[in-house]
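As structure tokens, the structure follows; a few thoughts come after it.
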Protein chains: 2
Amino acid sequence: MINIADVARHAGVSTATVSRALSGGHHVSPATRLRVEASAAHLGYVVSSNASSLASGRMKNIGVVVPFLNHWFFASVVEGAQQALQRHGYDLTLYNLTGGLEARRSVFEHFLLRQRVDAVIAVSLELTENEVARLHALNKPLVGVGGPLAGVRTLTVDDLAVARLATEHLIALGHTRIAHIGGDKAFDLDFNLPTNRRFGYEAALVAAGIEARRDDFRPADFTTAGGYQAAKQLLGRPHERPTAIFAASDEMAIGSILAARDLGLVVPGDVSVIGVDDHELATFFGLSTVAQFPQRQGEKAVEVLMEELRPHPESRTGLNINMPFELIVRGSTARPAV
Amino acid sequence: MINIADVARHAGVSTATVSRALSGGHHVSPATRLRVEASAAHLGYVVSSNASSLASGRMKNIGVVVPFLNHWFFASVVEGAQQALQRHGYDLTLYNLTGGLEARRSVFEHFLLRQRVDAVIAVSLELTENEVARLHALNKPLVGVGGPLAGVRTLTVDDLAVARLATEHLIALGHTRIAHIGGDKAFDLDFNLPTNRRFGYEAALVAAGIEARRDDFRPADFTTAGGYQAAKQLLGRPHERPTAIFAASDEMAIGSILAARDLGLVVPGDVSVIGVDDHELATFFGLSTVAQFPQRQGEKAVEVLMEELRPHPESRTGLNINMPFELIVRGSTARPAV
DNA sequence: TCAGACACTGCAAGCGATTGCAGAATGATT
DNA sequence: AATCATTCTGCAATCGCTTGCAGTGTCTGA
């Protein structure tokens with residue numbers, strides 16, 4: 001493998017000059033730079049990132065920690081982050097916490113510590129104090145995506161507003177009996193997203209002078225199957241049937257649509273359904289939803305980090321950065337039958 | 001940040017001994033090793049992977065290249081690989097090719113070359129000759145998962161056998177009019193998986209003495225929506241209607257089930273449906289399928305690499321490694337109506 | 001008792017870059 | 001023409017660890 005000395009020799013300069021010419025090109029005459037670049041290209045030289053990192057302290061590598069990957073939202077965030085990083089010449093090292101407690105510990109106590117990353121992006125993770133402490137001890141920038149982390153710069157959608165937007169959409173259509181499928185308690189330990197969405201839903205109802213009935217809420221596990229079950233219960237009560245359902249995720253919303261069909265109900269004729277996410281299947285099911293843009297969230301996380309990694313970080317925005325969301329009306333919501 | 005010299009001082013030995021004690025512990029007396037380990041733990045020492053890599057030439061890092069991440073199969077493979085790597089103390093650096101041609105080029109011409117990975121896993125990727133050449137020029141182990149790469153060690157399920165198994169299941173139930181939804185031409189440029197599955201399907205029919213009717217095949221794009229469209233066409237011909245559909249992916253199979261329902265047909269009463277994958281939604285839809293185990297494929301890829309990275313690779317298996325698959329019968333297939 | 005084998009341990013030379021410092025060359029200013 | 005500022009470039013130290021080689025000490029067998 002050819003190294004910087006080879007290039008230096010070939011171009012008739014010192015390794016110092018090669019290094020400078022190839023990185024930014026400051027303090028090097030244009031002529032020399034061109035010559036060096038030509039030599040490098042000719043020899044097919046690529047810097048050894050290890051040597052470079054060791055000498056400079058910059059890793060050109062970002063660690064991304066996700067609770068699981070096998071899920072549309074997380075994969076999208078990672079994908080967005082990956083693309084943005086690539087544009088900046090950074091690598092992305094992926095840490096997945098699916099492997100259980102042992103795996104989780106090793107990530108925080110071992111992998112993240114070996115000086116391999118310049119910064120860390122934590123996606124929808126509730127970290128223990130110990131874990132946050134360890135990350136801070138690294139003295140490296142850390143940004144979270146979704147799921148507010150105590151004391152950590154976090155990108156997040158305003159879940160309350162999202163829920164309110166969805167619910168208001170249903171109210172505006174004329175619905176007065178609106179059910180909600182949200183997270184169950186177990187989920188709430190990890191994010192408080194479900195609770196926030198529920199509050200937003202209730203707030204919208206109250207604002208419209210509608211009573212939030214306790215039995216119009218059903219917890220579920222954010223899966224299609226969970227949403228299906230919950231919707232079956234909600235819609236299975238002939239005279240008590242709500243005319244609309246706001247599900248806290250598209251997957252649960254899709255489950256609700258399928259449940260409605262199985263009960264012989266027509267969507268949106270008999271019941272309107274709205275979700276949150278703009279999942280890839282939302283279009284197929286004609287699902288109205290409040291889109292959040294996970295790819296863009298990943299990209300934005302990278303931008304924030306790049307800013308912090310710059311020698312003199314300027315525009316340090318506040319701790320919490322609000323991400324955009326948007327109501328997308330498709331065919332699954334309509335005015336209630338008269 | 002504390003380094004090896006600090007540990008050496010604290011333990012009263014040389015850095016050489018610390019290094020040896022902490023990596024394997026060969027050639028170090030048990031007593032010394034214990035002392036060193038205690039010092040390291042006490043000081044909270046973690047090796048600098050850059051320095052280590054630079055000195056040893058081992059990166060403890062594997063590059064994984066995927067065409068996109070936002071898809072159940074790929075995410076699962078990556079997840080499996082990640083967990084396996086973590087057990088071996090390796091990092092996983094993710095390269096995503098979604099970003100278009102420019103991004104793709106930069107991955108192969110820049111990122112993968114900077115001496116950061118010990119080996120590369122290419123998931124379901126059709127690589128150009130140039131790209132394969134570049135990877136081989138790295139002189140690093142390379143293994144593919146799915147999608148045979150010319151001259152590259154590849155893990156793959158026997159797509160022909162998978163398709164035959166699915167089709168035979170339908171035949172065994174008594175179906176004689178079996179349609180197939182497979183990949184379209186565009187897809188076939190990237191994998192030849194679709195074609196192989198189609199061949200397997202036809203082979204099974206022929207073996208059972210059933211004619212493979214040209215118009216019982218419909219190409220689709222491996223999405224739920226695509227499967228839906230294709231199935232609508234197949235099932236929309238009243239007197240020509242097949243009694244069973246074999247879809248080359250679960251997503252298309254699910255689309256088929258939804259299409260059948262929309263046409264007022266009952267699954268499996270009027271039409272049986274079987275897919276391939278064992279997608280996470282397969283259970284929910286009661287979909288019979290031929291499971292392939294993407295996580296296991298990711299794990300296996302890692303095992304193969306670890307073997308190749310060992311000083312003296314032994315059991316070098318053949319170029320192609322067959323991965324297991326398994327028929328899973330759920331409710332979507334049954335004998336045809338009489 | 002002594003030589004040879006063996007098990008530990010330390011010395012020091014890398015690994016391949018980056019970068020502060022200083023010298024050389026060039027250009028500008030008076 | 002002399003001086004000073006500026007721009008380029010090279011020297012050499014440094015980043016933190018690994019590992020071949022050699023030295024020391026201990027153990028075994030004759």
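Treat the numbers as computed from the prediction; the structure is a model and nothing was measured. A note on names: the letters A, B, ... follow the listed sequences, proteins ahead of strands, and every chain is numbered from 1.
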### Query
Between A/Tyr90 and B/Phe111, which heavy-atom pair has the shortest distance, and what is it?
O-CE2, 3.3 Å
### Query
Ion pair present between B/Asp91 and B/Lys60, side-chain N to carboxylate O less than 4.0 angstrom?
no
### Message
What is the separation between atom CG on B/Leu22 and atom P on C/dT9, rounded to the nearest whole Å?
### Response
14 Å
### A/Arg116 side chain near D/dG16 phosphate (N/O to OP1/OP2, under 4.0 Å)
no
Please tabulate the protein-to-nucleotide N/O contacts below 3.5 Å involving nucleotides 14-17 of chain C, giving atom names and distances.
{"residue": "C/dC15", "atom": "O2", "partner": "B/Ala55", "partner atom": "N", "Å": "3.4"}
{"residue": "C/dG16", "atom": "N2", "partner": "A/Ala51", "partner atom": "O", "Å": "3.3"}
{"residue": "C/dA17", "atom": "OP1", "partner": "A/Tyr45", "partner atom": "OH", "Å": "2.6"}
{"residue": "C/dA17", "atom": "OP1", "partner": "A/Ser48", "partner atom": "N", "Å": "3.1"}
{"residue": "C/dA17", "atom": "OP2", "partner": "A/Ile4", "partner atom": "N", "Å": "2.3"}

### Message
Is the shortest side-chain heavy-atom distance between B/Thr15 and B/Asn3 below 4.5 Å?
### Response
no
### Message
Show the nearest heavy-atom pair for residues A/Arg134 and A/Phe108, with the distance to one decimal.
### Response
CD-O, 3.4 Å
### Task
Could you tell me whether the side chain of A/Thr98 and the main chain of A/Asn96 form a donor-acceptor pair under 3.5 Å?
no
#### Entry: Cationic N near anionic O, under 4.0 Å, A/Asp118 to A/Arg58
no
Pairwise N/O distances under 3.5 Å, protein to nucleotides 20-25 of chain C:
{"residue": "C/dG20", "atom": "O6", "partner": "A/Arg20", "partner atom": "NH1", "Å": "3.4"}

### Task
Look at all strands and tell whether A/Ser23 reaches a base, only sugar-phosphate, or nothing, counting heavy atoms closer than 4.0 Å.
nothing
#### Entry: Distance in angstrom units between B/Asp6 CG and D/dC17 C1', rounded
13 Å
### Query
Which part of the nucleic acid, if any, lies within reach of A/Ser49 when heavy atoms closer than 4.0 Å are counted: base, sugar-phosphate only, or nothing?
nothing
### Task
Identify whether any heavy atom of A/Val13 sits under 4.0 Å from a base atom; if not, whether one sits that close to sugar-phosphate; answer base, sugar-phosphate or nothing.
sugar-phosphate
### Query
Counting only side-chain N and O atoms of A/Ser29, is one of them less than 4.0 Å from OP1 or OP2 of D/dT9?
yes
### Query
Of the non-hydrogen atoms in A/Glu280 and A/Trp72, which two are nearest, and what is the gap between them?
N-NE1, 3.8 Å
### Message
Can you see whether A/Asn61 engages A/Thr93 through a side-chain donor-acceptor pair at a distance of less than 3.5 angstrom?
### Response
yes
### Message
Could you tell me how far apart A/Gln115 (CD) and D/dG16 (P) are, to the nearest whole angstrom?
### Response
8 Å
### Task
Just do the side chain to side chain contact (heavy atoms under 4.5 Å, CB included) check on B/Arg116 and A/Ser53 with the steps written out, would you?
CA-CA 11 Å; B/Arg116 217 174 231 184; A/Ser53 297; 4.0 Å; yes
### Task
With heavy atoms under 4.0 Å as the rule, sort A/Arg58 into base, sugar-phosphate or nothing.
sugar-phosphate
### Task
Find the distance B/Met59:CE to D/dC17:P and express it as a whole number of Å.
16 Å
### Task
Round to a whole Å and report the spacing from CZ of B/Arg114 to C1' of C/dT18.
16 Å
